[in-house]
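Beneath this line is the structure, given in structure tokens, with notes to follow.
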2 protein chains.
Amino acid sequence: MKEAPDIHIAALLERIGRLLASDAQANGLLPVHWETLRYLDRANRFSMTAAALTAYLGLTKGTVSQSLNSLETKGLVRKRVDLRDRRSKRLSLTAEGKALLKNDPLLLTSQAINALSPSAKDALADSLQTFLSQRLATQDRQAFGQCRDCRYFARRHEKGKPFFCQLLQEPLNESDSLSICYEQQPA
Amino acid sequence: MKEAPDIHIAALLERIGRLLASDAQANGLLPVHWETLRYLDRANRFSMTAAALTAYLGLTKGTVSQSLNSLETKGLVRKRVDLRDRRSKRLSLTAEGKALLKNDPLLLTSQAINALSPSAKDALADSLQTFLSQRLATQDRQAFGQCRDCRYFARRHEKGKPFFCQLLQEPLNESDSLSICYEQQPA
DNA sequence: TCCTTTGGTAGCGAGTCGAAACTTTTTAGA
DNA sequence: TCTAAAAAGTTTCGACTCGCTACCAAAGGA
């Protein structure tokens with residue numbers, strides 16, 4: 001590996017992407033379904049909507065609506081109307097949905113990662129994260145980073161709800177601070 | 001980035017894969033079409049068949065057959081029956097197909113890669129290559145590596161055709177040695 | 001009040017994709 | 001040599017994604 005032209009790395013990323021996508025056709029679910037379940041598992045309460053999911057996946061509203069219908073029919077996702085904004089519906093994983101994530105085909109991929117050396121892993125994670133941010137920024141798409149890395153994230157030093165979102169004016173707990181957020185803007 | 005758990009890296013890879021796939025819907029072509037054009041551009045003469053492409057993409061024969069028909073109708077790919085083995089058809093890119101590769105959406109990705117430091121690039125290429133080989137091996141799938149990295153690759157020190165394939169008993173030139181091959185087995 | 005924006009749905013058409021059945025050609029075995 | 005199995009591709013079918021357009025209802029301004 002004496003040379004590493006950019007186009008070669010790009011081709012590797014694309015090829016690996018396809019490989020993972022074809023692995024993801026497990027348990028009768030399609031790749032986009034797995035992505036949806038993972039998103040709902042990791043997103044905070046402000047981001048559990050079809051609109052946020054649409055932005056995350058980079059698809060159109062109609063497509064996402066259909067996928068969610070399919071997942072709801074399968075009993076993996078639940079939709080409830082938001083009482084504050086009655087246009088919106090709040091999404092959540094059902095117990096079945098959460099259970100299914102234990103069989104996430106991504107765990108297979110995770111094992112192949114395990115074969116890398118610790119330093120290679122760190123470097124890989126760094127590079128991929130940088131690349132992803134870069135790529136999303138050039139398309140004016142949200143980063144969906146962790147809450148705690150957001151410019152609106154503040155510490156209040158209170159028990160139970162030690163953090164605070166200055167954008168939504170909402171208290172945050174430890175778990176919130178680790179979730180990914182639709183509104184997140186890197187500090 | 002103090003921690004880099006395997007599952008996190010796996011999720012990054014999957015997310016980036018989807019991102020690239022949605023970019024790849026350019027020029028009216030679908031992601032799998034671009035992958036096909038790129039494959040035919042990089043494969044050696046022993047690997048320009050639907051069967052090899054099927055193994056490369058990890059899809060079924062039927063699906064690939066349909067994709068190729070679509071590309072042939074668009075005038076990007078040509079099919080000709082192989083005179084030695086009349087079951088087989090030899091694929092090739094048309095002039096239009098080669099020209100279209102100049103607009104490969106992968107070039108966009110390539111630019112985002114460019115933002116990384118040289119050392120990060122090298123590390124990234126290494127890690128991705130290792131990961132890909134690992135992943136393909138566990139599924140008993142071919143590596144599709146470069147001809148010159150194959151255990152059947154030999155040097156003959158003759159002009160014009162300086163190399164030789166000990167598996168297919170065929171002379172190879174410089175260009176052959178750089179192509180990816182269906183039969184390739186890492187040395 | 002009117003008008004725009006936002007969140008979501010419904011229907012359409014194109015096309016992937018897997019599965020299975022099928023044709024033709026090649027190869028291996030008795 | 002005859003025959004059976006394997007290999008290369010094609011075709012058809014059904015399920016589903018995905019973009020697109022049109023649509024509806026709620027929210028927010030001017």
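Note on naming: letters A, B, ... go to the chains in the order of the sequence lines (proteins, then strands), and numbering restarts at 1 for each one.
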Short side-chain N/O contact to [N] OP1/OP2 from [X], under 4.0 Å:
X       : N      : answer
A:Arg18 : C:dC17 : yes
A:His33 : D:dT17 : yes
A:Asn69 : C:dG8  : no
B:Ser88 : D:dG9  : yes
A:Lys89 : C:dT6  : no

- Please determine, for the side chain of B:Val32, which listed nucleotide (D:dA8, C:dT9, C:dT16) has the closest atom?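 Selected nucleotide: C:dT16.
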With a non-hydrogen cut-off below 4.0 angstrom, is [X] in contact with a base, only sugar-phosphate, or nothing?
X       : value
B:Leu30 : sugar-phosphate
B:Asp82 : nothing
B:Arg80 : nothing

How close or far is atom [atom2] of [N] from atom [atom1] of [X], stated in whole angstroms?
X       : N      : atom1 : atom2 : result
B:Leu29 : D:dC18 : CG    : P     : 18 Å
B:Glu72 : D:dT10 : CD    : C1'   : 12 Å
B:Leu68 : D:dT11 : CG    : C1'   : 15 Å
B:Lys79 : D:dA8  : NZ    : C1'   : 12 Å
B:Glu35 : C:dG15 : CD    : P     : 19 Å
B:Asp23 : D:dC18 : CG    : C1'   : 15 Å
A:Leu71 : D:dC16 : CG    : P     : 11 Å

- Message: Just to be sure I understand the geometry, which residues of residues 42-55 of chain B put a non-hydrogen atom under 4.0 Å away from DNA chain D?
- Response: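 Here the set is B:Thr49, B:Ala50, B:Ala51.
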- Is a side-chain donor or acceptor of B:Ser133 paired with a backbone partner of B:Gln129 at a separation under 3.5 angstrom?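 Looks like yes, one N/O pair under 3.5 Å.
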- Message: Centre-to-centre under 6.0 Å for A:Phe163 and A:Phe153, is that the case here?
- Response: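 Yes, ring centres under 6.0 Å apart.
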Less than 4.0 angstrom from a charged side-chain N to a carboxylate O is my criterion; do [X] and [Y] meet it?
X        : Y        : value
A:Glu35  : B:Arg15  : no
A:Lys121 : B:Asp6   : yes
A:Asp104 : A:Arg38  : yes
A:Arg45  : A:Asp176 : yes

- Given that A:Val64 and A:Ser22 both sit by DNA chain C, which one's nearest nucleotide is further toward the 5' end?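 That would be A:Val64.
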Which protein N or O atoms sit under 3.5 Å from an N or O of nucleotides 19-27 of chain C?
from, atom 1, to, atom 2, distance (Å)
C:dT26, OP1, B:Arg86, N, 3.2

- Test side chain to side chain contact (heavy atoms under 4.5 Å, CB included) on B:Phe144 and B:Tyr39 and set out the steps. CA-CA 10 Å; B:Phe144 281 91; B:Tyr39 175 82; 3.5 Å; yes
- Query: With a distance cut-off below 6.0 Å to the six-membered ring centre and an angular limit of 45° from the axis, does B:Arg141 pair with B:Tyr56 as a cation-pi contact?
  - Reply: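 Output no; distance or angle outside limits.
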- Do B:Ser67 and B:Ser70 meet the criterion of a side-chain donor-acceptor pair at a distance under 3.5 Å?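 Short answer, no.
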- Item | Reported CG-to-OG1 distance for the pair A:Leu68 and A:Thr36, which is rounded to 0.5 angstrom |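 OG1 of A:Thr36 is found 6.0 Å from CG of A:Leu68.
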